[in-house]
Amino acid sequence: MSNTGELKLIAGASAQRLSDAPQVATIAETYPSFDVMAFNAMVAPAGVPAPVLDKLSGDIRAVVNSREFAEKVSHLGIFPLGSTPQELDAWMHKEIARWKEIATAADLKAD
């Protein structure tokens with residue numbers, strides 16, 4: 001985060017404050033339960049043998065949950081969270097349901 005005055009951060013969209021701008025409040029501090037974030041995930045095609053998926057998942061989690069990785073991405077507003085395939089699947093289903101409810105309440109339609 002730059003303090004040159006070129007861009008002013010007025011609020012964070014995730015539930016927790018950014019480590020590079022701890023003085024900047026989150027939207028959730030004004031509107032409780034507001035939490036919007038982009039995410040990246042690695043997925044594999046259906047049918048990948050469980051031992052292969054377990055090995056890949058474990059290796060990726062080890063990197064994502066490492067101190068070195070966190071240090072490299074923290075200034076980007078990235079909150080690393082390595083999860084199991086089952087945890088990712090559950091989280092994605094929860095997010096789909098959440099955003100479907102929001103879209104329905106706002107009467108949003110896909111064209």
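All figures in this text were calculated on a predicted structure; none of them were measured in a lab.
At a threshold of 4.5 Å between side-chain heavy atoms, the hydrophobic network of Ile, Leu, Val, Met, Phe, Trp and Tyr places Ile27 and Val24 in two separate groups. Under a hydrophobic-cluster definition in which Ile, Leu, Val, Met, Phe, Trp and Tyr are linked whenever side-chain heavy atoms come within less than 4.5 Å, directly or via other members, Phe34 and Ile102 are assigned to the same cluster. Hydrophobic clustering, with ILVMFWY side chains joined whenever heavy atoms are under 4.5 angstrom apart, keeps Phe79 apart from Val73. A single hydrophobic cluster is not seen to contain both Leu18 and Ile10; linkage of ILVMFWY side chains at heavy-atom distances under 4.5 Å, directly or through other members, places them apart. Linking ILVMFWY side-chain heavy atoms closer than 4.5 Å, directly or via other members, places Met42 and Val48 in two distinct hydrophobic clusters.
Put simply, CG on Asp59 and CG on Asp54 are 11.0 Å apart, with the number rounded to the nearest 0.5 Å. Rounding to the nearest 0.5 angstrom, the gap separating the CD atom in Gln86 from the OG atom in Ser57 is 7.5 Å.
Shown are Thr104, Leu108, Val36; of these, the side-chain contact (heavy atoms from CB on, under 4.5 Å) with Trp99 is made only by Val36.
Smallest separation of non-hydrogen atoms from Leu53 and Ala44: CD1-CB, 4.1 Å. Annotation for Val64 and Gly82: closest pair CG1-N, 3.5 Å, computed over non-hydrogen atoms. Between Gln16 and Ser14, the shortest heavy-atom contact is O-OG, 3.0 Å.
Taking a 6.0 Å sphere around CD of Glu71, one finds it holds more than 12 heavy atoms contributed by other residues, nucleotides or ligands. Remark: Ile96 CD1 is packed, more than 12 non-hydrogen atoms of other residues, nucleotides or ligands lying under 6.0 Å away.
Inter-residue side-chain proximity for Asn40 and Ile78 is flagged as unmet; no heavy-atom pair is nearer than 4.5 Å.
A salt bridge is absent between Glu68 and Lys72: the closest approach of a Lys/Arg side-chain nitrogen to an acidic carboxylate oxygen does not fall below 4.0 angstrom. Comment: Lys109 engages Asp107 in a salt bridge, judged by a side-chain N to carboxylate O separation of less than 4.0 angstrom. A salt bridge between Glu95 and Arg98 is present, with a side-chain N of the basic residue lying under 4.0 Å from a carboxylate O of the acidic one.
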